[in-house]
A.B. asks: 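Let me give you the structure first, and then I'll get to my questions.
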2 protein chains.
Amino acid sequence: MVTIYDIAEKANVSAMTVSKVINNTGRISEQTRKRVKKVMEELNYIPNSNARSLVLQQTQILSLLITDITNPFYTSLARGAEDSAKKLGYRLLFGNSDEDYDKEQDYVDMILSTRVDGVLFAPAGDHSLKHLEKLRAHNIPFVIMDRAVPGIESDIVSGDSMQGARNLVDYLISLGHRRIALVNGSLDVSTARLRYQGYAEALQLHGIALDDRLVIHKSYREYKDEDQLPHLLEQPSPPTAIFAANNFLAVGVINALRQRGIRVPEDMSVVCFDDLDLSSALDPFLTVAAQPAYQFGAMGIQLLVERIQGSAVPEARKIILPSELIIRSSAKTIGK
Amino acid sequence: MVTIYDIAEKANVSAMTVSKVINNTGRISEQTRKRVKKVMEELNYIPNSNARSLVLQQTQILSLLITDITNPFYTSLARGAEDSAKKLGYRLLFGNSDEDYDKEQDYVDMILSTRVDGVLFAPAGDHSLKHLEKLRAHNIPFVIMDRAVPGIESDIVSGDSMQGARNLVDYLISLGHRRIALVNGSLDVSTARLRYQGYAEALQLHGIALDDRLVIHKSYREYKDEDQLPHLLEQPSPPTAIFAANNFLAVGVINALRQRGIRVPEDMSVVCFDDLDLSSALDPFLTVAAQPAYQFGAMGIQLLVERIQGSAVPEARKIILPSELIIRSSAKTIGK
DNA sequence: AGTAATAGGGTTATCGATAACCCTAATTTA
DNA sequence: TAAATTAGGGTTATCGATAACCCTATTACT
């Protein structure tokens with residue numbers, strides 16, 4: 001690999017001069033500047049960012065840690081993050097935690113040893129706390145995405161889970177449903193708690209008693225049918241509608257329903273959080289509370305870079321992006 | 001940040017000894033090894049990989065360059081790549097070219113300056129040649145994904161586009177279709193050429209004349225309706241079936257058809273390359289030639305790491321993964 | 001007992017780039 | 001014209017880690 005020393009030698013200057021030309025610092029005559037640049041091109045010089053990072057104590061690398069790249073929500077988020085990062089001159093190191101705390105831990109160590117300038121962090125859940133504390137202990141700026149973690153004050157970009165949940169449940173109620181089930185993520189995750197809360201509030205406001213037999217808290221990432229539908233359907237008074245706390249769960253629920261010969265929405269209404277992108281484009285079926293996932297990523301990187309560059313206010317900034325209720329056809333008036 | 005020198009001082013040894021403990025090299029007594037390790041934990045030491053990379057001349061970073069993370073095909077590919085990379089102890093630097101040669105160029109420079117150990121490269125198209133040549137000139141190993149680039153011999157993992165296309169068109173013909181349109185990507189891209197070829201061969205084998213008015217070559221990434229459907233539909237003898245060369249185009253085509261009040265599959269059959277994952281899980285509608293995208297990524301990283309570590313045969317390895325025809329309901333017997 | 005071998009660990013140079021400071025000739029200024 | 005600037009560029013140390021080699025007690029061997 002060619003280094004600034006190679007350039008220096010061929011251009012008959014010192015390495016420092018080359019460095020100055022590269023960074024446009026110091027006083028260099030137009031003449032030598034051109035000569036040096038020409039040699040750089042001739043030799044196909046590419047600066048070694050490792051060396052640079054070592055002395056500058058900054059890498060121009062940000063880390064994006066999410067829980068599942070195959071979920072369209074995070075896919076779009078990643079897209080937004082990537083676009084922003086590129087614009088701002090940062091590279092992106094990528095990690096997928098699968099909502100698994102051990103994997104998340106591995107990535108945190110990787111992040112620390114890479115000396116990234118900052119992290120866009122979508123936590124697996126509440127126990128991500130110690131990972132975030134570790135980052136903080138090492139002075140790595142981060143912005144939390146999507147899920148708040150109790151015990152950590154930091155910049156965060158999240159959706160309005162309560163409002164979204166309330167809107168969905170309000171909508172179901174407006175269609176005449178009274179027995180509404182919630183298939184939720186784990187209560188370890190802030191958004192699951194808030195969606196539950198929004199669900200409960202909506203019911204309460206309409207004078208419907210909360211029935212805990214209609215609520216299941218499991219994982220956002222895997223839908224295991226034996227843990228879910230049977231509990232709901234084999235009840236004296238089964239639900240007429242199901243609110244799935246995210247897109248994955250909705251797909252799982254709908255498939256499981258269909259396998260039992262239960263039609264959606266004729267026999268059972270289903271709504272959920274997060275949209276399905278391509279799927280919805282092909283077949284506008286699922287009624288959802290859609291979140292602006294791309295914005296999550298784009299804004300997250302912006303906040304992060306402001307934080308890194310010190311141009312942010314010292315206080316933690318909390319951005320809450322509203323979700324949009326998109327009414328399609330997976331829910332319908334009860335009994336019709 | 002704490003360095004090996006801090007450790008060394010506190011443990012009363014030299015920095016070299018610390019390094020030896022970290023890397024399990026050299027001769028260190030069990031006693032000092034323990035002492036050093038204890039100090040490392042106490043001080044929360046994390047090695048600086050920049051410094052390490054600089055002297056070792058290797059970064060343990062691989063680059064993943066794809067054309068669109070929002071396409072489920074690349075999403076799954078990324079997932080496979082990430083899983084493999086993590087298993088093999090590599091970090092992943094992420095880039096999205098959007099099938100844009102300039103963006104691709106930027107990423108190549110970024111890759112070079114990062115001194116990644118290797119690149120998993122999904123080229124935008126034939127003009128990616130110069131980018132690949134640049135990588136080669138700088139001795140960065142790479143494995144090409146999905147699309148061959150004429151002029152470059154290298155390891156490659158791709159699908160069998162001809163076979164897949166032939167299967168799809170065969171299937172349409174078996175349903176009685178004779179007027180079959182092809183909505184293709186740009187002929188700049190090898191897979192588009194091969195899908196075209198497979199399409200043509202299938203027609204020929206069944207004695208159907210190729211009608212170029214039924215073939216449109218545009219972009220895999222954007223479906224602009226005015227460039228597409230009108231040409232096909234406003235013909236003396238319009239097609240009864242459309243073969244879309246990838247999932248995005250299929251979604252575009254189907255939406256455009258529906259907007260015109262043309263039903264799929266009743267009035268027009270549609271099939272395509274690549275599956276839609278979540279979408280297909282929710283609604284098994286689209287008949288597709290599905291590619292094992294996760295395998296693309298996982299195998300790609302494997303080949304790449306073998307290449308980096310010198311355990312690969314010197315010859316370029318070409319892995320061709322078959323696609324699977326999944327018959328669902330977006331195509332049906334003509335006229336029924 | 002005297003030498004060779006080994007265990008255990010330290011010294012120094014190096015990877016590629018930059019910061020901080022220094023130097024000299026040419027130009028300006030009083 | 002002498003002193004002070006300034007333009008243009010060079011020297012040296014440094015970032016954190018490792019390779020290659022060196023050193024000194026022990027221990028083993030003949």
A.B. asks: D:dA7, OP1 or OP2 - any side-chain N/O from A:Arg27 closer than 4.0 Å?
C.D. replies: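 So the side-chain polar atoms of A:Arg27 do come within 4.0 Å of the phosphate oxygens OP1 or OP2 of D:dA7, strictly under.
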A.B. asks: Using a strict 4.0 Å threshold on nitrogen-to-oxygen distance, state whether B:Lys130 and B:Glu104 make a salt bridge.
C.D. replies: no
A.B. asks: Separation of A:Gln31 atom CD from D:dA7 atom C1', in whole Å?
C.D. replies: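 One finds 13 Å between C1' of D:dA7 and CD of A:Gln31, rounded.
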A.B. asks: Would A:Lys86 pass as a cation-pi partner of B:Tyr107, given that its NZ or CZ must be under 6.0 Å from the six-membered ring centre and within 45 degrees of the axis?
C.D. replies: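 So A:Lys86 does make the cation-pi contact.
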A.B. asks: Is the phosphate of C:dG9, meaning OP1 or OP2, less than 4.0 Å from a side-chain N or O of B:Ser14?
C.D. replies: no
A.B. asks: Closer than 4.0 Å, any side-chain N/O of A:Thr17 to the OP1 or OP2 of D:dG10?
C.D. replies: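 So the side chain of A:Thr17 is within the cut-off, an N or O lying under 4.0 Å from OP1 or OP2 of D:dG10.
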A.B. asks: Which part of the nucleic acid, if any, lies within contact of B:Ser53, taking any heavy atom under 4.0 Å across all strands shown: a base, the sugar-phosphate backbone alone, or nothing?
C.D. replies: nothing
A.B. asks: Is there a donor in the side chain of A:Thr191 and an acceptor in the side chain of A:Tyr220, or the other way round, less than 3.5 Å apart?
C.D. replies: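 Result is yes, a qualifying pair exists.
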A.B. asks: What string of B, S and - do you get for nucleotides 18-29 of chain C, 5' to 3', when a contact is any protein heavy atom under 4.0 Å?
C.D. replies: BBB---------
A.B. asks: Quick check on DNA chain D: between B:Ser49 and A:Arg33, whose nearest nucleotide comes earlier from the 5' end?
C.D. replies: A:Arg33
A.B. asks: How many Å lie between CG on A:Asp6 and C1' on C:dA17, as a whole number?
C.D. replies: 13 Å
A.B. asks: Measuring from atom CD1 of B:Ile7 to atom CG of B:Leu43, what distance do you get when rounded to the nearest 0.5 angstrom?
C.D. replies: 4.5 Å
A.B. asks: Quick one: A:Glu30 CD to D:dA7 P, roughly how many Å, whole number?
C.D. replies: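 The answer, rounded to whole Å, is 14 Å.
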A.B. asks: A:Thr3 side chain N/O closer than 4.0 Å to the phosphate oxygens (OP1, OP2) of C:dC15?
C.D. replies: no
A.B. asks: Sequence neighbours excluded, which residues qualify as ring pair (Phe, Tyr, Trp, His ring centres under 6.0 Å) partners of B:Phe94?
C.D. replies: A:Phe94
A.B. asks: OP1 or OP2 of C:dG16 versus the side-chain N and O atoms of B:Gln57: is any pair under 4.0 Å?
C.D. replies: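 Yes, within the criterion.
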A.B. asks: Nearest heavy atom decides the nucleotide; on that basis, is B:Ala51 or B:Val13 closer to the 5' end of DNA chain C?
C.D. replies: B:Val13
A.B. asks: Quickly work out the B:Ile28 CD1 to C:dG10 C1' distance and round it to whole Å.
C.D. replies: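 Those two atoms, CD1 and C1', are 10 Å apart.
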A.B. asks: When you check the gap from the basic side-chain N to the acidic O, do B:Lys318 and B:Asp155 get nearer than 4.0 Å?
C.D. replies: no
A.B. asks: Nearest-Å distance, CG (A:Asn12) to C1' (D:dG10)?
C.D. replies: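 A:Asn12 atom CG is separated from D:dG10 atom C1' by 13 Å.
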A.B. asks: Is there a donor in the side chain of A:Thr70 and an acceptor in the side chain of A:Asp68, or the other way round, less than 3.5 Å apart?
C.D. replies: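 Yes, A:Asp68 and A:Thr70 have a side-chain donor paired with an acceptor closer than 3.5 Å.
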A.B. asks: Rounded off to whole Å, could you give me the CG-to-C1' distance for the A:Leu54 and C:dC15 pair?
C.D. replies: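 After rounding, the gap between these two atoms is 9 Å.
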A.B. asks: Could you give the CG-to-C1' distance, from A:Asn48 to C:dG16, as a whole number of Å?
C.D. replies: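 In whole Å, C:dG16 C1' lies 6 Å from A:Asn48 CG.
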A.B. asks: Let me know the distance between CD of B:Glu9 and P of D:dA17, rounded to the nearest Å.
C.D. replies: 14 Å
